[in-house]
Peer 1: 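Next up is a structure, given as structure tokens.
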Amino acid sequence: MAKRIDIVIVQYPSGTTTLIWFDPATGSIATTHAGLQARLRRGVRDWEGRVVVPEDGRAFLSAVYDDLFLNGHHVRWVKVVSLRKVRAIYPV
């Protein structure tokens, strides 16, 4: 059975869409937004106020979702079986 990939889709007010995902095959977080890459590398705070880092995998992705939502961005969490082609990938 194929592992599902968790993806957070962010829609910015400018119309830009960004993907942030956890790849279970590599255990890493990646994004399609170069500027967001640097911000995510510093980590984000979870609901308890602790800093969660990319190495925390799905817990980090969940904290990113919450952080972006609380900052007013339109976000969605989806699960897919695989990603075909993404133009630019930035490891976090």
Peer 1: Using the salt bridge (Lys or Arg N to Asp or Glu O under 4.0 Å) rule, collect all pairs that involve residues 29-38, keeping only residues at least two apart or in two chains.
Peer 2: none

Peer 1: Nearest 0.5 Å, what's the CG-CH2 distance between Leu70 and Trp47?
Peer 2: 4.5 Å

Peer 1: Using the rule given for side chain to side chain contact (heavy atoms under 4.5 Å, CB included), can you reason through Ile7 versus Ile20, listing the C-alpha separation, both sets of side-chain angles and the distance that settles it, and then say yes or no?
Peer 2: CA-CA 6 Å; Ile7 301 176; Ile20 307 162; over 6 Å; no

Peer 1: If hydrophobic clusters are built from ILVMFWY residues whose side chains come within less than 4.5 Å, do Ile5 and Val78 share one?
Peer 2: yes

Peer 1: Do Val64 and Trp77 land in one hydrophobic cluster if side-chain heavy atoms of ILVMFWY residues count as linked below 4.5 Å?
Peer 2: yes

Peer 1: Side chains of residues 52-62: which donor-acceptor partners sit under 3.5 Å, not counting sequence neighbours?
Peer 2:
unit_1, atom_1, unit_2, atom_2, d
Asp56, OD2, Val53, N, 3.2
Arg58, NE, Asp6, OD2, 2.5

Peer 1: Got a sec, which residues hit side-chain contact (heavy atoms from CB on, under 4.5 Å) with Thr17, two or more places apart in sequence or on another chain?
Peer 2: Ile9, Gln11

Peer 1: Taking ring pair (Phe, Tyr, Trp, His ring centres under 6.0 Å) as the definition, give me every residue that meets it alongside His73, ordered by chain and number, with sequence neighbours left out.
Peer 2: Tyr12

Peer 1: Among all residues two or more places apart in sequence or in another chain, which pass the salt bridge (Lys or Arg N to Asp or Glu O under 4.0 Å) test with Asp66?
Peer 2: none

Peer 1: Answer whether the closest heavy-atom distance between the side chains of Trp21 and Val80 falls below 4.5 Å.
Peer 2: no

Peer 1: Thr31 side chain to Leu19 main-chain N or O, any donor-acceptor pair under 3.5 Å?
Peer 2: yes

Peer 1: Check salt bridge (Lys or Arg N to Asp or Glu O under 4.0 Å) between Arg39 and all other residues, then give those that pass, not counting sequence neighbours.
Peer 2: Asp67

Peer 1: Hey, does Val81 have a side-chain heavy atom less than 4.5 Å from the side chain of Arg4?
Peer 2: yes

